[in-house]
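To start, the structure itself, in structure tokens.
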Amino acid sequence: MAEAEDVKFKVTIDGIPVEVSPGTTILNAARQIGGDIVPPAMCYYSKLEGSGGKCRTCLVKVSKGSEKDPRPMPKLVASCRTTVMDGMEVQNITSPEVVEARKGVVEILLINHPLDCPICDQAGECKLQDLGYEHGSADTRYEFDRRTFEQIDLGDKIQLHMNRCILCYRCVYVANQLTDQRVHGILGRGDHSEISTYIENIIDNDFSGNVIDVCPVGALTDKTFRFKNRVWFTKPVDAHRDCPTCSGKVTLWYKGEEVIRVTARKDEFGEVEEFICNTCRFDQKKTSDWILDEPTEIDPQSVISANHYELFNPPKVVKENPILQQQNREQLARTEKLK
């Protein structure tokens, strides 16, 4: 039994070998290597059972099936749904075919997705925004009108912008697996499919706010944070509290000394480490409610890192200068005499 558990498959991705356990998907094998060779994933979520296989952004080319059967797979495969074989060779960013296919997938995702990044609360954290920058085209071949939906309030804390939704199903899986009763899902078929509730019921349970964290675009937004600030002007800090409902481990997003939103902590792939309850997310927005741990680790390539800091007490942006303040008062006095 122990010998069976020690069996490892050797897989090569973009020329880099890695040994993984049988049953590992190509995507998770690439994540063990890390870096640029990790395929993007808009619908797959390692914490949600059954996720993946919806968005097709993680397509890769299998140039060698295995040692026993070295024939290449005839078509590109979804790396989040395809398990590895011993001796398998995979091409991701080294394959022009994959890059071209990914460009086509992004074009399809952007057919109905409005380019309202300047007013979207997800801007700066949006995976589709990153994909659009890397693989998107400045022009579109789509000549028809975009599908449009009215905004829906899913309770007093969550707002649904269905126009931005890419139907990744993540929010549906969260409701299925974290709550006792799911009240929202996919309504309609084909181009008329949409995330909604039956006769616009509210989503009301202790973990409903997690649908905001798992949404890869700006379709599900936090109404308590809407239009308050741009994410790159905030400073994230990891914190925790003793919570009877969840782990209590969160990220506090500061604007000055004010906590303007609370989210679950996410890993390097943008996935929630531990889901949090609504009390921690919406009701505990004072520093005194939390025990601060450390500044959140931010990817240097993220726009959030532009306003990031390493210590809890960074120096003020504008230092007090008594001489300059006195000169300003004198200038103001001279100006008042001239009126």
Would you mind checking if Asp69 and Lys64 are paired as a salt bridge, meaning a charged N to carboxylate O distance below 4.0 Å?
no
Determine, for Arg265 against Asp293, whether the closest basic-nitrogen to carboxylate-oxygen distance falls under 4.0 angstrom.
yes
Find out whether the Lys NZ or Arg CZ of Lys235 is both under 6.0 angstrom from the six-membered ring centre of Tyr254 and within 45° of the ring's axis.
no
Carboxylate-amine/guanidinium proximity below 4.0 Å for Glu271 and Lys266
no
Minimum side-chain heavy-atom gap Gln122-His161 below 4.5 Å:
no
For the hydrophobic clusters of this structure (ILVMFWY residues joined by side-chain heavy atoms under 4.5 Å, transitively), does one cluster hold both Phe207 and Val272?
yes
Are Val214 and Leu154 linked, directly or through intermediate hydrophobic residues, by side-chain heavy-atom contacts shorter than 4.5 Å (ILVMFWY only)?
yes
Do you know which two heavy atoms are closest between Val20 and Ala29, and how far apart they sit?
CG1-CB, 3.9 Å
Distance from Leu27 atom CG to Thr83 atom OG1, nearest 0.5 Å?
12.5 Å
Considering residues, nucleotides and ligands other than Glu297, do more than 12 of their heavy atoms fall under 6.0 Å from its CD?
no
Correct closest heavy-atom pair for Pro216 and Cys168 would be CD-SG, 3.6 Å
I'd like to know if Tyr133 and Val217 are part of one continuous hydrophobic network [Ile/Leu/Val/Met/Phe/Trp/Tyr, side-chain heavy atoms within less than 4.5 Å].
no
Provide the closest heavy-atom pair for Arg102 versus Cys58 in the form atom of the first, atom of the second, distance.
NH2-C, 4.0 Å
Evaluate the criterion salt bridge (charged side-chain N to carboxylate O under 4.0 Å, His left out) for residue pair Glu273 and Lys249; output intermediate values, then yes/no.
CA-CA 9 Å; Glu273 295 177 354; Lys249 297 179 180 179; over 6 Å; no
Is it the case that over 12 heavy atoms from other parts of the model lie below 6.0 angstrom from the CD atom of Gln326?
yes
Using the rule given for side-chain hydrogen bond (donor to acceptor under 3.5 Å, both in side chains), can you reason through Asn278 versus Ser208, listing the C-alpha separation, both sets of side-chain angles and the distance that settles it, and then say yes or no?
CA-CA 7 Å; Asn278 285 359; Ser208 62; 2.8 Å; yes
Is Glu89 paired with Lys10 through a side-chain N to carboxylate O contact shorter than 4.0 Å?
no
Is it true that the NZ or CZ of Arg261 lies under 6.0 Å from the centre of Phe225's six-membered ring and within 45 degrees of the ring axis?
yes
Can we say Arg164 and Asp116 salt-bridge, meaning some charged N sits less than 4.0 Å from an Asp/Glu carboxylate O?
yes
With a 4.0 Å cut-off, would you call Asp213 and Arg281 a salt bridge?
yes
More than 12 heavy atoms from other groups under 6.0 Å of CZ on Phe227
yes
